[in-house]
Amino acid sequence: MLVRIAVSAVFGDEDGVLFVPAEHVEEVLATAHTIRRTEREQARRIRAGETLRKQTSFDDYLAQRTADPSYTFRQHLRRTGGAIEE
């Protein structure tokens with residue numbers, strides 16, 4: 001099936017290329033800025049000595065996962081505010 005969309009922007013990096021319809025460009029850019037801020041803050045905290053494991057409360061995740069095998073790391077990151085891709 002061939003789907004046609006009007007593309008108004010193309011974004012790319014070492015991971016790939018994203019073709020964005022005009023009506024979603026602002027939303028995509030806002031999300032990208034949020035991800036960038038979150039990643040930079042995580043990196044700053046790592047440089048200050050706080051591991052990513054601690055930042056994400058990974059031990060809490062493992063405990064919850066033991067109690068509930070359906071509990072995912074994505075759910076945990078959402079709950080703890082560590083999700084960057086949403």
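Worth saying up front: this structure is predicted, and the values here are computed from it rather than measured. Here, residue 1 is the first one in the sequence, and each next residue gets the next number.
Distance check, rounded to the nearest 0.5 Å: OG1 of T31 to CD of E26 gives 11.0 Å. Of the inter-residue distances, the one linking Y61 atom OH with T66 atom OG1 reads 9.0 Å to the nearest 0.5 angstrom. Separation of atoms OG (S57) and CG (L77) is listed at 9.5 Å; rounding is to 0.5 Å. I46 contributes atom CD1, which lies 5.0 Å from atom CG of L52 (distance to the nearest 0.5 angstrom).
Using a 30° and 60° split on the angle between ring planes, F58 and F73 fall in the perpendicular class, above 60°.
Listed by first and then second residue, the ring pair (Phe, Tyr, Trp, His ring centres under 6.0 Å) pairs that reach into residues 22-55 come to none, sequence neighbours excluded.
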Test side chain to side chain contact (heavy atoms under 4.5 Å, CB included) on Q42 and Q55; report intermediate values, then the result.
CA-CA 8 Å; Q42 287 173 340; Q55 289 181 45; 3.3 Å; yes

Test side chain to side chain contact (heavy atoms under 4.5 Å, CB included) applied to Y71 and R79, step by step
CA-CA 11 Å; Y71 187 66; R79 186 177 61 83; 3.0 Å; yes

How far apart are the C-alpha atoms of V28 and L18, what are their side-chain angles, what is the distance that settles it, and do they pass the side chain to side chain contact (heavy atoms under 4.5 Å, CB included) test?
CA-CA 10 Å; V28 168; L18 179 65; 4.0 Å; yes

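Electrostatic pairing of R44 and E41 counts as a salt bridge here, judged by a charged N lying under 4.0 Å from a carboxylate O.
Applying the side chain to side chain donor-acceptor pair (under 3.5 Å) test to R53 and every residue at least two apart in sequence or in another chain returns D59. Checked against ring pair (Phe, Tyr, Trp, His ring centres under 6.0 Å), F11 has no partners two or more places apart in sequence or in another chain.
Within the 4.5 Å cutoff, the side chain of V10 has heavy atoms near those of the V17 side chain. Side-chain atoms of T80 and T56, non-hydrogen and from C-beta on, never get closer than 4.5 Å to each other.
When all heavy atoms are compared, the tightest approach of P21 to S8 is C-OG, 3.8 Å.
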